[in-house]
Amino acid sequence: MKANEKLQTYALSDVSNLKVHGRTTGQRSPLTLFWTGSAVELNVKGSELWVEFESDYDLYEPWISILINGVPVSRQMLTAGRYWICVFRGMNENVVKNVRIVKDVQAMNGDPGCSLQINAVKSDGVFVPVEKRPYKIEFIGDSITSGEGAIGAKAEEDWIPMWFSAIHNYTAMTAETLNAEYRVISQSGWGVLTSWDNNPNANIPAYYEQICGLVTGDKNAALGAGDKHDFNAWQPDVVVINLGSNDGGAFQTPAWKDPATGKVYKQRLNADGTYHEEDLAVFENAATRFLIQLRKNNPEAHLVWAYGMLGFPMMPAIYRAVDAYTKQAGDTKVSVIQLPNTNEETVGARSHPGELSHRRTADALAEYLKEILK
């Protein structure tokens, strides 16, 4: 293969027309991608483009998807190390290509060694400005929003990064339909109050005001994951909260015992199988508090609680929580939408919503948000 002698290397911090998607620090050399759906976007006028990655993990390897002109063309596991990946070559050097390199896997709370960084790019062309989109949407959620099971056969049961997708995902699809920029804050198994297994530490609101505080370990701390997030730098028009599935699941799973304190936590069922009213009330209070927190940090955004892709047992409680918040705050820019339930036809890997389910949700959600964004 004849090497392209026109290739020039640029540190990421030297590419002024680079667009970064997703919460991260101000650091660009290297740039750390923390959350699912985080990405770099470039408009490249040239025939060839390479990107230098640095990937690490103890358990769960990062994956990326590469989109060219909005279409996914490549998806790959990033093994540990620092190396160059060719994004494209041999393309028409006079045509501008929109390139988006997306982190396909969620921030991994269960792997302190997991990190994904981009150091540099190499091209024989020039980088032209990326078009600004008219809207900004933030999605907050759990495994559904992380795209767990959105890719892979229905038979797959392994909990591995391979079966996560940020692309075949209602977040990306909704944003694309509305021509919006988007960000995702999500973690499999987590809730508003507790995780699916009653662990009260695994709740999204506790970490919402940090860049990516739910990742663990000294390395992530050094990368700035626990730093305070600058909300002024990116204000969404809409915040979509897709939480409640794991809080509902906690009623059905065994109690969780805190190894440090010995305290036991359990969302209880009544003898007839209904949810214990006191425990439901605690969930509702947590949801109302989260809406207060979201409004404080996103003063102009419309807050939309979207729930229902894996059943909707918590829907009455969510309605009560939103109603309580609305009355308490006098805030009219908050609403609830029930999402289409996943069925036999639309289910994906790991009994989670598949691509078809994500598509149905994106269609319904985009239609709903169109009215709000008018």
Side-chain angles (χ1 to χ4, degrees), residues 1-57 61-105 115-133 136 161 165-168 172 175-176 179-184 223-224 233-234:
M1 183 186 93
K2 193 170 177 244
N4 183 343
E5 285 164 11
K6 294 182 187 169
L7 287 176
Q8 279 188 287
T9 302
Y10 305 87
L12 221 55
S13 50
D14 293 338
V15 184
S16 56
N17 289 322
L18 175 87
K19 176 104 182 147
V20 177
H21 298 275
R23 275 191 192 183
T24 187
T25 64
Q27 175 77 3
R28 291 290 176 270
S29 49
L31 166 74
T32 305
L33 297 181
F34 289 106
W35 298 97
T36 187
S38 297
V40 291
E41 186 179 3
L42 291 158
N43 277 346
V44 189
K45 191 178 179 184
S47 77
E48 197 165 326
L49 175 70
W50 294 69
V51 176
E52 190 187 29
F53 291 92
E54 190 157 1
S55 163
D56 200 10
Y57 51 90
E61 77 284 345
W63 282 67
I64 56 163
S65 276
I66 295 170
L67 291 85
I68 295 179
N69 295 327
V71 177
V73 295
S74 165
R75 179 174 190 263
Q76 57 193 296
M77 176 194 290
L78 296 187
T79 54
R82 181 170 174 166
Y83 45 82
W84 289 91
I85 286 178
C86 187
V87 176
F88 66 79
R89 56 185 296 274
M91 292 188 80
N92 185 333
E93 62 183 19
N94 300 310
V95 174
V96 175
K97 275 75 68 180
N98 176 264
V99 175
R100 188 190 280 244
I101 298 160
V102 183
K103 184 173 189 244
D104 238 355
V105 175
S115 65
L116 173 60
Q117 295 179 304
I118 300 176
N119 290 293
V121 294
K122 196 158 56 172
S123 181
D124 59 356
V126 293
F127 304 105
V128 299
V130 172
E131 194 183 329
K132 204 167 176 242
R133 294 173 188 260
K136 295 185 175 84
S165 175
I167 302 302
H168 305 291
E176 187 184 5
N179 191 25
E181 244 184 70
Y182 75 103
R183 289 181 172 185
V184 181
L223 292 175
W234 196 89

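Every value quoted in this text rests on a predicted model; they were computed, and no experiment measured them. The basis for the numbers below is simple: all heavy atoms, side chains too, and nothing from hydrogens, waters or symmetry mates.
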K.L.:
With sequence neighbours excluded, what pairs up with A39 under the side-chain contact (heavy atoms from CB on, under 4.5 Å) test?
P.N.:
H21, R100, V102
K.L.:
Is the shortest heavy-atom distance from the side chain of S55 to the side chain of P62 under 4.5 Å?
P.N.:
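Side chain of S55 against side chain of P62, heavy atoms only: contact under 4.5 Å found.
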K.L.:
Sequence neighbours excluded, which residues qualify as side-chain hydrogen bond (donor to acceptor under 3.5 Å, both in side chains) partners of E176?
P.N.:
none
K.L.:
As an exercise, state the distance from CG of L116 to CG of L223, rounded to the nearest 0.5 Å.
P.N.:
11.0 Å
K.L.:
Just checking, any donor-acceptor pair under 3.5 angstrom between side chains of N43 and N98?
P.N.:
yes
K.L.:
Would you say the side-chain atoms of K97 pair up with the backbone N or O of G46, donor to acceptor, closer than 3.5 Å?
P.N.:
yes
K.L.:
Just how far is it from atom CD of Q117 to atom OG of S29, taken to the nearest 0.5 Å?
P.N.:
10.5 Å
K.L.:
How would you list, by chain and number, every residue that makes a salt bridge (charged side-chain N to carboxylate O under 4.0 Å, His left out) with D56, sequence neighbours excluded?
P.N.:
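Result, salt bridge (charged side-chain N to carboxylate O under 4.0 Å, His left out) vs D56: K219.
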K.L.:
Who are the side-chain hydrogen bond (donor to acceptor under 3.5 Å, both in side chains) partners of N17, not counting sequence neighbours?
P.N.:
none
K.L.:
Taking all non-hydrogen atoms of both residues into account, name the closest pair between T79 and Y57 and its distance.
P.N.:
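Residues T79 and Y57, closest heavy atoms: CA-OH, 3.6 Å.
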K.L.:
Is there a side-chain contact between F53 and I85, using heavy atoms and a 4.5 Å cut-off?
P.N.:
yes
K.L.:
Are the side chain of T25 and the backbone of G224 linked by a donor-acceptor contact shorter than 3.5 Å?
P.N.:
no
K.L.:
Are K122 and E52 close enough for a salt bridge, meaning some N to O gap below 4.0 Å?
P.N.:
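The answer is no: the pair does not qualify as a salt bridge.
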K.L.:
Please check: side-chain N/O of T24 versus main-chain N/O of T32, any donor-acceptor pairing under 3.5 Å?
P.N.:
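Yes, the answer is positive, given that a donor and an acceptor are paired below the 3.5 Å cut-off.
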K.L.:
Measuring only between side-chain heavy atoms, which start at C-beta, is F34 closer than 4.5 Å to R23?
P.N.:
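The answer is no; the side chains never approach within 4.5 Å.
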K.L.:
Got a second to check how far C86's SG is from L49's CG, nearest 0.5 Å?
P.N.:
7.5 Å
K.L.:
At what distance, to the nearest 0.5 angstrom, does CG of N92 lie from NZ of K45?
P.N.:
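The CG atom of N92 sits 9.5 Å away from the NZ atom of K45.
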K.L.:
Using side-chain hydrogen bond (donor to acceptor under 3.5 Å, both in side chains) as the criterion, list what pairs up with W35, not counting sequence neighbours.
P.N.:
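Applying side-chain hydrogen bond (donor to acceptor under 3.5 Å, both in side chains) to W35 gives none.
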K.L.:
Can you name the closest pair of heavy atoms from Y182 and A175 and give their distance?
P.N.:
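Nearest pair, atom of Y182 first, then A175: CD2-CB, 3.5 Å.
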K.L.:
Looking at V51, V44, L42, which hits side-chain contact (heavy atoms from CB on, under 4.5 Å) with V87?
P.N.:
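Looking at V51, V44, L42, the match for V87 under the side-chain contact (heavy atoms from CB on, under 4.5 Å) is V51.
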K.L.:
Which atom names give the shortest non-hydrogen contact between W84 and V121, and what distance separates them?
P.N.:
CZ3-C, 3.8 Å
K.L.:
Can you tell me how far apart OG (S13) and CG (N119) are? Round to the nearest 0.5 Å.
P.N.:
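Reported value, rounded in 0.5 Å steps: 10.0 Å.
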K.L.:
For W63 and E61, test the side chains for any donor-to-acceptor distance below 3.5 angstrom and give the result as yes or no.
P.N.:
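Yes, because at least one side-chain N or O of W63 sits under 3.5 Å from a partner of the opposite role on E61.
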K.L.:
Could you state the interatomic distance from CD1 (I64) to CG (L33), rounded to the nearest 0.5 Å?
P.N.:
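It comes to 9.5 Å.
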K.L.:
Any side-chain to backbone donor/acceptor pair from S123 onto E48? Under 3.5 Å, distance only.
P.N.:
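Yes, the answer is positive, given that a donor and an acceptor are paired below the 3.5 Å cut-off.
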K.L.:
Please determine whether side-chain contact (heavy atoms from CB on, under 4.5 Å) holds for the pair R89 and N4, giving the CA-CA distance in whole Å, both sets of side-chain angles, and the decisive distance to 0.1 Å.
P.N.:
CA-CA 9 Å; R89 56 185 296 274; N4 183 343; over 6 Å; no
K.L.:
For a 4.5 angstrom cut-off between non-hydrogen side-chain atoms, does L67 reach E41?
P.N.:
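No, side chains not in contact.
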K.L.:
Can you list the residues that meet the side-chain hydrogen bond (donor to acceptor under 3.5 Å, both in side chains) rule with Y83, with sequence neighbours excluded?
P.N.:
none
